[in-house]
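Just so it is clear, the structure is predicted and the values come from calculations on it, not from any experiment. Position 1 is the first residue of the sequence, and the numbers go up from there.
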Amino acid sequence: MKFVIQRDDLVQSVQDVMKAVTSRTTIPILTGIKIIATEDGVTLTGSDSDISIESFIPAEEDGSEIVEIQETGGIVLQAKFFSEIVKKLPKDTVEIEVLNHFQTVIRSGKAEFNLNGLDPEEYPHLPQIEEGNGIKVSTDLLKTMIRQTVFAVSTSETRPILTGVNCQIENGELSCIATDSHRLAMRKAPIETNHDASYNIVIPGKSLNELNKILDDTDEPVEIVITENQVLFKAKHLLFFSRLLEGNYPDTSRLIPSDTKTELTLTTKEFLQAIDRASLLAREGRNNVVKLSTLDAGMIEISSNTPEIGKVIEQVQSQSVEGEELKISFSAKYMMDALKAIEGTEIYVNFTGAMRPFVLKPLHDDSILQLILPVRTY
């Protein structure tokens with residue numbers, strides 16, 4: 001194998017596939033990046049067997065040459081060293097050549113590295129996923145939906161299914177739900193499907209976080225192809241595979257209260273900043289609890305008391321308060337996470353009592369919902 005490639009394109013591709021490479025793997029070859037050169041261009045692959053990322057660098061794009069392929073072939077190179085070398089090469093072009101016994105030479109300007117490579121045939125094959133029954137979502141929307149839900153996945157392995165985001169596709173609508181059993185985040189959006197298939201899958205939160213870092217901010221569509229135990233996200237020159245979590249995701253629809261006892265309408269930013277200030281003293285303790293009480297004339301009071309440090313009280317003017325008086329305590333962190341995920345200058349908070357979960361959503365928008373369980377304080 002021998003080719004000359006533009007360094008910037010190579011660095012970008014290496015950075016993308018590195019997101020799937022881990023040093024903690026039971027399969028030693030997976031600590032490497034697989035590089036395959038064909039007439040069309042160069043393909044890089046990284047994998048940790050949960051996530052696999054394939055990045056393609058075309059020989060030419062928009063009429064300019066990116067890769068000059070002199071000899072096709074393949075190699076697996078240690079990811080840790082290869083990625084560092086590529087970043088620090090002196091010139092804008094890089095020549096990579098594989099000699100006998102997988103010895104690989106990397107040249108750029110007057111610098112020359114020799115790396116020991118591995119046989120690409122021994123690298124595990126990526127899952128073969130049949131195309132054709134995918135759904136398309138614009139990249140911007142997909143990234144937003146991930147950002148608005150993935151923070152609520154569970155980090156504890158006691159219930160592995162909750163470490164993923166539940167994605168359901170039905171009647172041309174995609175809904176994503178994440179919960180760690182103390183809070184829940186949900187986002188829905190209409191999507192294009194060319195068939196009536198319905199899916200109900202759970203994608204690991206870790207995979208979605210990595211996918212979000214890799215996808216560019218564009219309105220180009222991403223194609224999503226789902227099989228029994230894998231999901232593939234297909235963007236331009238990029239394939240992102242993730243395994244799915246096995247098991248049944250709990251039915252969360254019954255958690256969402258249908259009745260209401262107290263309703264608040266608030267300015268998102270003002271409310272978020274007040275919670276942030278109240279949490280300054282609460283952060284020290286492991287509870288991080290903030291209390292909200294309704295007062296007269298549409299005022300609400302946000303307070304926090306940590307006996308060994310001090311207390312804070314702040315009044316916030318709401319746009320409207322309807323229903324019963326309320327005193328409720330909740331985690332400041334959960335509330336701030338939820339408020340940051342909601343897009344909209346004004347939010348609507350719906351309480352059904354001091355010990356019941358409460359719901360936050362933007363005014364006049366039912367596509368996103370955040371639910372938080374209160375904290376008992378005696």
To the nearest 0.5 Å, tell me how far S47 OG sits from H125 NE2.
12.5 Å

Ring-ring centroid check F330 F358, cutoff 6.0 Å:
yes

Take a 6.0 Å sphere around CG of N248 and say whether it holds more than 12 heavy atoms from other residues, nucleotides or ligands.
no

Grab the two heavy atoms, one from A178 and one from V165, that are nearest each other, plus how far apart they are.
CB-CG2, 4.2 Å

For T93, does its backbone N or O pair with a side-chain atom of S108 as donor and acceptor, under 3.5 Å?
yes

Crowded around K188 NZ? As in, over 12 foreign heavy atoms under 6.0 Å?
no

Does a side-chain heavy-atom distance below 4.5 Å link M336 with N288?
no

Got V312 and L280 here, is their nearest side-chain heavy-atom distance under 4.5 Å?
no

K136 and I191: side-chain contact (heavy atoms from CB on, under 4.5 Å), yes or no, with the steps?
CA-CA 7 Å; K136 286 199 165 80; I191 49 163; over 6 Å; no

If Ile, Leu, Val, Met, Phe, Trp and Tyr residues are connected whenever their side-chain heavy atoms lie under 4.5 Å apart, and connections chain through other members, are I129 and V202 in the same group?
no

Distance (rounded to the nearest 0.5 Å) between S175 OG and L369 CG
11.5 Å

Would the distance check show the side chain of T268 and the main-chain N or O of G344 forming a donor-acceptor pair, the cut-off being under 3.5 Å?
yes

What distance do E97 atom CD and Q70 atom CD have between them, rounded to the nearest 0.5 Å?
8.0 Å

Interatomic distance, CE@M186 vs CG@D366, rounded to 0.5 Å, equals 8.5 Å

Taking a hydrophobic cluster as the set of Ile, Leu, Val, Met, Phe, Trp and Tyr residues connected by side-chain heavy atoms closer than 4.5 Å, whether directly or through intermediates, do M18 and L208 fall within one such cluster?
yes

Search all heavy atoms of G205 against all heavy atoms of V150 and return the closest pair with its distance.
O-CG2, 3.6 Å

Quick check against the 3.5 Å criterion: does T104 have a side-chain atom that pairs as donor or acceptor with the backbone of F102?
yes

Sub-4.5 Å side-chain heavy-atom contact between L44 and V42:
yes

Please give me the minimum heavy-atom distance between K340 and L272, naming the atom from each residue.
CG-CD2, 4.1 Å

Do other residues, nucleotides or ligands put more than 12 heavy atoms under 6.0 Å from the CG atom of D259?
yes

Does some side-chain heavy atom of P362 sit less than 4.5 Å from a side-chain heavy atom of I368?
yes

Do S64 and D62 get their side chains close enough for a donor-acceptor pair, meaning under 3.5 Å?
no

Please find the pair of heavy atoms, one from R24 and one from T22, that lie closest to each other, and give the distance.
N-OG1, 3.0 Å

What's the spacing between K234 NZ and L238 CG if we round to 0.5 Å?
11.5 Å

Has E325 got more than 12 heavy atoms of other residues, nucleotides or ligands less than 6.0 Å from its CD?
no

Are I146 and I169 linked, directly or through other ILVMFWY residues, by side chains that come within less than 4.5 angstrom of each other?
yes

Before you tell me yes or no, could you show the steps for E71 and K2 under salt bridge (Lys or Arg N to Asp or Glu O under 4.0 Å), namely the whole-Å CA-CA distance, both residues' side-chain angles and the distance that decides it to 0.1 Å?
CA-CA 5 Å; E71 195 183 323; K2 187 175 180 186; over 6 Å; no

For E39, look at atom CD and say whether over 12 heavy atoms of other residues, nucleotides or ligands are found less than 6.0 Å away.
no

List the steps, then state whether side-chain contact (heavy atoms from CB on, under 4.5 Å) holds for E210 with I53.
CA-CA 10 Å; E210 295 303 342; I53 300 171; 5.5 Å; no

Taking the side chain as everything from C-beta on, heavy atoms only, tell me whether S329 gets closer than 4.5 Å to P374.
no

Indicate, with yes or no, if V21 and I214 share a hydrophobic cluster defined by side-chain heavy-atom contacts under 4.5 Å among Ile, Leu, Val, Met, Phe, Trp and Tyr.
yes

Y334 backbone acceptor or donor facing S331 side chain under 3.5 Å
yes

Using a strict cut-off of less than 4.0 Å between a Lys/Arg side-chain nitrogen and an Asp/Glu carboxylate oxygen, indicate whether D92 and R7 qualify as a salt bridge.
no

Begin from the C-alpha positions of T144 and R187 and carry the test side-chain contact (heavy atoms from CB on, under 4.5 Å) through to its verdict.
CA-CA 9 Å; T144 305; R187 172 69 206 262; 3.8 Å; yes

Taking NZ, NE, NH1 and NH2 as the nitrogens, is one of them in K236 or E220 under 4.0 Å from a carboxylate oxygen of the other?
no

Decide side-chain contact (heavy atoms from CB on, under 4.5 Å) for T31 and K80; before the verdict, give the C-alpha distance in whole Å, the side-chain angles of both, and the deciding distance to 0.1 Å.
CA-CA 8 Å; T31 57; K80 191 170 82 181; over 6 Å; no

Option among Q319, E346, Q317 that satisfies the side-chain hydrogen bond (donor to acceptor under 3.5 Å, both in side chains) test with T267
Q319

With a sphere of 6.0 Å drawn around CG of D296, does it hold more than 12 non-hydrogen atoms of other residues, nucleotides or ligands?
no

On a heavy-atom basis, which atom in S304 and which in V290 lie closest, and how many Å separate them?
CB-CG2, 4.4 Å

Distance-only, no hydrogens or angles: does the Q148 side chain make a donor-acceptor pair with backbone N or O of A341 under 3.5 Å?
yes

Hey, are the side chains of Y123 and L30 touching, using non-hydrogen atoms and a 4.5 Å cut-off?
yes

Considering non-hydrogen atoms only, spot the tightest contact between G74 and I36 and give its length.
CA-CD1, 3.8 Å

Which of these passes side chain to side chain contact (heavy atoms under 4.5 Å, CB included) with L264: I300, L326, V316?
I300

Is the shortest side-chain heavy-atom distance between R183 and L373 below 4.5 Å?
no

Do L360 and L184 share a hydrophobic cluster, counting only Ile, Leu, Val, Met, Phe, Trp and Tyr and linking them when any side-chain heavy atoms are less than 4.5 Å apart?
no

Just wondering, more than 12 heavy atoms not from K143 lying within 6.0 Å of its NZ?
yes

Looking at side-chain heavy atoms only, is the closest gap between N229 and E246 below 4.5 Å?
no

For a side chain to side chain donor-acceptor pair (under 3.5 Å) check, start with the C-alpha distance between D16 and Q12, then their side-chain angles and the critical distance, and finish with the verdict.
CA-CA 6 Å; D16 284 350; Q12 184 57 54; 3.3 Å; yes

